[in-house]
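In what follows, a single structure is set out as structure tokens and then discussed.
The structure presented is a predicted model; accordingly, all values stated were derived computationally and were not measured. First the proteins, then the strands, lettered A, B, ... as listed; each starts at 1.
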Protein chains: 2
Amino acid sequence: MKLRPRQQRILEFIQEYLDEYDYPPTIREIGKAAGISSTSVVNYNLEKLTEMGLIQRNREVSRGLRLVGYLSKHSRKLQDESKVPLYGKIAAGEPIPMPVNPKEVLDHVMVPPELLPKSGEVFALCVEGHSMIDALVDTGDIIIVRSQPTVNNSEMAVVEIMEPHEKAGATLKYFQQEGSQVELRPANPDPAYHSFWLRSDQVKVYGKVVSVLRRYQ
Amino acid sequence: MKLRPRQQRILEFIQEYLDEYDYPPTIREIGKAAGISSTSVVNYNLEKLTEMGLIQRNREVSRGLRLVGYLSKHSRKLQDESKVPLYGKIAAGEPIPMPVNPKEVLDHVMVPPELLPKSGEVFALCVEGHSMIDALVDTGDIIIVRSQPTVNNSEMAVVEIMEPHEKAGATLKYFQQEGSQVELRPANPDPAYHSFWLRSDQVKVYGKVVSVLRRYQ
DNA sequence: CTTGACAAAGAACATGTGTTCGTTTATACT
DNA sequence: AGTATAAACGAACACATGTTCTTTGTCAAG
């Protein structure tokens, strides 16, 4: 069974009403909002919505309905505020071919507000590689990144080495810039890991790491 | 103005009713629940509660009341599930005198469910000291600890070295036990940090570290 | 004991609100 | 076009529910 526009409107209105008053509307209030002149028509549509499982009703009870799946404004705020999109993996080591760019959101990670910056968009990445272990970040860690086009020196940053560089790809490194010269510096005593030196136009900054989450096992 | 038992009962009932039905009760339902035979008495008490600011009413509207500060079951679950008590600081280095024991909860930390164990009580501590940097944990990190009386070998654990040992206090270390011999091993290449060897009865295990949170700056 | 303020009770009332039903209009299918 | 079904309408109805008023009970202060 399909949802008619009028029924859609009814559902929307119930939600708006609940948001505003914390108790459900009467059928007359619904009728007024949905442009329905007769209470019986509202009743009729509410029965349909009940059959579809979108609302539940208690007969003979004033305002005796509930919106299935309704979350209070407070609940929604709580959920959304802390939900950060996870874009994929990020290399801490050899750059990997752009898993950060695609707007495909693989998943969402709940992040406590204490770990989020006061302002700005954030996203999450899963670290793969050992180049930042002296910065206390290793494979499996989730990093929270604040999207920004530039970062300060010696901040940990998610950057892309642009094509056609042979090491093109996204990577996690300490960022250092002197003039137009950019150093992408790992944090690993092993000499196998070493800095990349690039011109600033060969590097695109995605953002800086603001926090880290780690789960053992 | 003081809250009378009957009014207390009314508030409780409204909350229970909201939890169950998602809409507020009528004054008659309240009366029945609170053992009040007359609707006018319910009305009288609701007016008092309104004066006290504990509820809000819409006159002439059926079920036209809201419980100030009410959170839906869903909201409360969302908040409580992820709220972990922060007991204080924990030494990663020289043991410090028991900041873990007191049940005084200094604060609460929101922790996403993904970082919590499937079962068991957890608490949070703020790390102070550098003894675990090779384990990617350093000063300022928040560790989430699952309360348990024993841990497996080479798990990171919060333990107390019992009085009257000279190093008595709580500390964060890798735990290793062979027979009744316990090694508390740091994770720092600096030889200034070294293992403690103790008898198992000199060590009290508080729990194992299950996750880590870090905020930069 | 009396008084006054507060709390409670009960009943009558007014209206808010869901229900029902006969009828009409739209929609879809042969 | 004709017909059946769904959707909408309006009005009357029944009862669910808040309001009001008078009376009674309680309790502390004078």
Side-chain angles (χ1 to χ4, degrees), chain A residues 1-70, chain B residues 1-70:
Chain A
M1 193 180 294
K2 232 187 66 187
L3 203 60
R4 303 175 66 82
R6 186 170 260 188
Q7 294 167 348
Q8 179 69 41
R9 176 76 196 101
I10 291 177
L11 290 176
E12 283 170 15
F13 174 70
I14 296 176
Q15 160 148 3
E16 294 163 13
Y17 195 100
L18 283 170
D19 282 346
E20 172 136 12
Y21 297 104
D22 292 342
Y23 48 80
T26 65
I27 57 176
R28 283 178 178 78
E29 288 169 325
I30 294 172
K32 200 164 186 178
I36 300 174
S37 60
S38 171
T39 60
S40 65
V41 177
V42 177
N43 186 57
Y44 172 79
N45 280 288
L46 290 182
E47 275 173 6
K48 292 296 169 188
L49 290 169
T50 305
E51 288 170 21
M52 293 186 239
L54 298 172
I55 64 173
Q56 295 175 346
R57 297 184 78 191
N58 279 10
R59 289 181 58 93
E60 323 259 305
V61 171
S62 73
R63 302 171 189 273
L65 64 86
R66 72 179 71 188
L67 196 53
V68 171
Y70 171 78
Chain B
M1 194 180 294
K2 232 187 64 187
L3 202 60
R4 301 174 67 82
R6 186 170 258 188
Q7 294 166 350
Q8 179 71 40
R9 177 75 196 103
I10 290 178
L11 290 177
E12 282 170 17
F13 173 71
I14 296 176
Q15 162 148 1
E16 292 163 14
Y17 194 99
L18 282 170
D19 282 346
E20 172 136 12
Y21 297 104
D22 292 342
Y23 48 80
T26 66
I27 57 176
R28 283 179 178 77
E29 288 168 324
I30 295 172
K32 199 165 185 178
I36 300 175
S37 61
S38 172
T39 59
S40 66
V41 177
V42 178
N43 185 58
Y44 172 80
N45 280 288
L46 289 181
E47 275 172 8
K48 292 295 170 190
L49 290 170
T50 305
E51 288 170 21
M52 293 185 235
L54 298 173
I55 64 172
Q56 297 176 346
R57 297 183 79 192
N58 280 9
R59 290 181 58 92
E60 325 257 305
V61 170
S62 73
R63 304 172 189 273
L65 64 86
R66 72 180 70 189
L67 197 52
V68 171
Y70 171 77

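Taking atom CE of B/M52 as the reference point, atom C1' of C/dC6 lies 12 Å away to the nearest angstrom. Between B/L46 atom CG and D/dG18 atom P there is a gap of 9 Å when expressed in whole angstrom units. When the P atom of D/dA6 is taken as reference, atom CG of A/L49 falls 16 Å away, rounded to whole Å. Here the C1' atom of nucleotide D/dA8 and the CD1 atom of A/I30 are 16 Å apart, to the nearest Å. Here C/dG18 presents its P atom at 13 Å from OH of A/Y23, a figure rounded to the nearest Å. Atoms CZ (A/R6) and C1' (D/dA6) sit 13 Å apart, rounded to a whole Å. Regarding B/I36, its CD1 atom lies at a distance of 21 Å from the P atom of D/dT24, rounded to whole Å. Atom-to-atom, OH of A/Y44 to C1' of D/dT5 comes out at 9 Å; the value is rounded to the nearest Å.
Residue B/R59 has no polar side-chain atom (N or O) positioned under 4.0 Å from OP1 or OP2 of C/dT15. The side chain of A/N43 places an N or O atom within less than 4.0 Å of a non-bridging phosphate oxygen (OP1 or OP2) of C/dT19. Remark: A/N45 is in phosphate contact with D/dA8, judged by side-chain N or O atoms under 4.0 Å from OP1 or OP2. Between B/R63 and the phosphate of D/dT17, there is a side-chain N or O to OP1/OP2 separation shorter than 4.0 Å. The phosphate of C/dT19 (OP1 or OP2) has a side-chain N or O of A/R57 nearer than 4.0 angstrom.
Side-chain contact between B/I10 and B/I55 is absent, with no heavy-atom pair separated by less than 4.5 Å.
Side-chain proximity of A/T26 to C/dG18, D/dG18, C/dA9: nearest is C/dG18.
For D/dG10, the base has no donor-acceptor partner in the side chain of A/T39 [N/O atoms by modelled type, under 3.5 angstrom]. The base of D/dA16 does not come close enough to the side chain of A/S62 for any donor and acceptor atom to sit less than 3.5 Å apart. Taking only distance into account, the side chain of A/S40 meets the base of D/dC9 through a donor-acceptor pair shorter than 3.5 Å. Contact annotation: side chain of B/R28 to base of D/dG18, donor-acceptor pair present below 3.5 Å.
Closest-nucleotide positions on DNA chain C for B/E60 and A/S38 were compared, and the one nearer the 5' end corresponds to B/E60.
Looking at A/Y21 and A/R63, their side chains never bring a donor and an acceptor atom within 3.5 Å of each other.
Among A/T39, A/N45, A/L65, the single residue meeting the side chain to side chain contact (heavy atoms under 4.5 Å, CB included) criterion with A/I30 is A/L65.
Considering CZ of B/R28 and OG of B/S37, their distance stands at 12.0 Å, rounded to 0.5 Å.
A salt bridge is defined here as a Lys NZ or Arg NE, NH1 or NH2 lying under 4.0 Å from an Asp or Glu carboxylate O, and A/R9 with A/E12 meets this definition.
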